[in-house]
Amino acid sequence: MTTTAPPGAEEQTDPHTLPPNGRSTAPGRIRTGHGLVFVLPFLLVFCLFMVWPIVQGLWMSFTDSSLALRDTSFVGLDNYTEAFGDPDVWSSLGNTVLFTVISSVPLVLAALAMALLVHSGLAGQWAWRLSFFAPYLLPVTVVTMIWTWLYQPELGMANQLLDTLGVAPVGWLSDESVAMWSVAALTVWWTVGFNFLLYLAALQSLPTTFDEAAALDGAGAWRRLWSITLPQLRRTTGLVAMLQVLASLKVFDQIYILTKGGPNGSTRPVLEYVYDVGFTGYRLGYASAVSYLFFALIVLVSLVQLRLFRRED
């Protein structure tokens, strides 16, 4: 006769069926092991091309490593001490900060204005979206070639327009007081499409109930924008601002191709100075020290931004 255990009775585990350590094998551990097997190829590639170069570069910053000499000796903090007293480091850092300020502010505000314009139901939205985002798809070499012709002193469209208005021509890339602003204008035109998409996606995900209720209460379009729409975009604005500041701090490509850091170093950012010192001056150890100091600055800026956004939230 077969007997069944009463409902709620605890199942008895045969001690002879347990593993030697007295614990049963959990299915979660098996799944974790399988997951590690699938992740292992990525971890190997990541360690090979990311972790190891970072560690090697950090060690190099404490040496006098050079492309011109095979012998390398440990110099401690000498490279970092020299970097703090190097006027070229401070001037390139000032150029980087200036570019970050004059490019990040319009890249945030212009992207927001463009997203609001498209989201308002403007006719031909597909054409507006395409025209706003298309420049972002262009490679940096094409962008700099286009703007080099625009900034051309005699035949460029920028000076031709100024001549039509009766204004004297401007040395867009040869005047030290104008060159950085010219690079910033190029960067805004080229990369604003990415921020535009972030804002447009955020606007399309906002609930319409608050705006409709305010409209029924008699609030105008500007009032609804300032009191309802913009406050709901606070998180998106924080994200866009943080990403844009970090991207502007790491500027290199367009400046190197367009001006080579000139005229007279007025547009040379920190990363170009690192490139010049390491691959033109052959001082890899010193270039590594400067790059790691700049990396520490970027980390500090990121932490400050995150702290400010958390306080606002």
Side-chain angles (χ1 to χ4, degrees), residues 45-104 139-141 143-144 173 176 179-180 182-184 186-187 190-191 242-305:
V45 174
F46 179 78
C47 292
L48 179 62
F49 293 101
M50 288 294 294
V51 177
W52 171 244
I54 290 175
V55 174
Q56 187 180 24
L58 182 60
W59 165 254
M60 190 181 298
S61 67
F62 295 104
T63 67
D64 60 353
S65 177
S66 173
L67 289 176
L69 300 175
R70 292 186 178 181
D71 296 334
T72 300
S73 59
F74 182 78
V75 296
L77 297 176
D78 290 351
N79 289 329
Y80 291 92
T81 304
E82 181 182 353
F84 278 108
D86 189 349
D88 290 333
V89 171
W90 292 105
S91 63
S92 60
L93 179 61
N95 293 335
T96 304
V97 173
L98 174 61
F99 174 82
T100 301
V101 173
I102 65 178
S103 63
S104 297
V140 63
T141 51
V143 174
T144 52
L173 302 179
E176 295 182 22
M180 185 63 78
S182 301
V183 177
L186 176 154
T187 304
W190 177 31
T191 60
M242 182 174 65
L243 293 177
Q244 189 54 59
V245 167
L246 296 180
S248 296
L249 285 173
K250 297 182 293 183
V251 62
F252 174 78
D253 298 345
Q254 60 267 42
I255 291 182
Y256 183 77
I257 299 175
L258 194 65
T259 66
K260 295 291 191 299
N264 297 326
S266 60
T267 61
R268 182 171 63 176
V270 172
L271 292 184
E272 184 174 344
Y273 179 70
V274 171
Y275 174 84
D276 291 339
V277 171
F279 295 98
T280 303
Y282 301 148
R283 300 185 61 191
L284 293 181
Y286 182 64
S288 299
V290 176
S291 64
Y292 274 89
L293 288 175
F294 185 58
F295 172 73
L297 176 62
I298 291 179
V299 172
L300 179 61
V301 171
S302 303
L303 294 177
V304 170
Q305 285 184 306

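Note that the numbering runs from 1 along the sequence shown for the chain. Hydrogens, waters and symmetry mates play no part in the numbers below; they use all other heavy atoms, side chains included.
Counting only distance, with no hydrogens or angles, the side chain of T280 and the backbone of V277 share no donor-acceptor pair below 3.5 Å. A side-chain donor-acceptor contact under 3.5 Å links S66 to the backbone of Y282. Using modelled atom types, no side-chain atom of N79 and backbone atom of D64 make a donor-acceptor pair closer than 3.5 Å.
Nearest heavy-atom pair, I255 versus P269, reported as atom, atom and distance to 0.1 Å: CG2-CD, 3.8 Å. Scanning both residues, S266 and P263, for their nearest heavy atoms gives OG-O, 2.8 Å. Annotation for L249 and F294: closest pair O-CZ, 3.0 Å, computed over non-hydrogen atoms. Across all their heavy atoms, L293 and A83 have their closest contact at CD1-CB, 3.7 Å. In terms of heavy-atom proximity, A179 sits nearest to T267 at CB-CG2, 3.6 Å. Nearest heavy atoms, K250 versus L271: O-CD1, 3.4 Å.
Note that CG of L98 is 11.5 Å distant from CG of L93, once rounded to the nearest 0.5 Å. The distance from atom CG of L58 to atom CZ of F295, rounded to the nearest 0.5 Å, is 10.0 Å. Interatomic distance, OH of Y273 versus CZ of F252, reported as 14.5 Å (0.5 Å rounding). From T259, atom OG1 reaches atom CG of N264 across 11.5 Å, with rounding to the nearest 0.5 Å. Put simply, CG on N95 and CD on E272 are 9.5 Å apart, with the number rounded to the nearest 0.5 Å. Expressed to the nearest 0.5 Å, how far NZ of K260 lies from CG of L173 amounts to 11.5 Å.
D88 places none of its side-chain heavy atoms less than 4.5 Å from the side chain of S92.
Residue Y275 qualifies as open at atom OH: its count of foreign heavy atoms under 6.0 Å is 12 or below.
For D276, the salt bridge (Lys or Arg N to Asp or Glu O under 4.0 Å) test picks out R268, with sequence neighbours left out. Not counting sequence neighbours, the partners of S104 by the side chain to side chain donor-acceptor pair (under 3.5 Å) test are S248. Applying the salt bridge (Lys or Arg N to Asp or Glu O under 4.0 Å) rule to E176 yields no partners; only residues at least two apart in sequence or on another chain are considered. Applying the side chain to side chain donor-acceptor pair (under 3.5 Å) criterion to Q254, with sequence neighbours excluded, gives T187.
Each ring pair (Phe, Tyr, Trp, His ring centres under 6.0 Å) pair with one or both residues in residues 79-100, not counting sequence neighbours, appears once here: F62-Y80. For residues 286-296, every residue pair satisfying the side chain to side chain donor-acceptor pair (under 3.5 Å) rule, not counting sequence neighbours, is listed here: D86-Y286.
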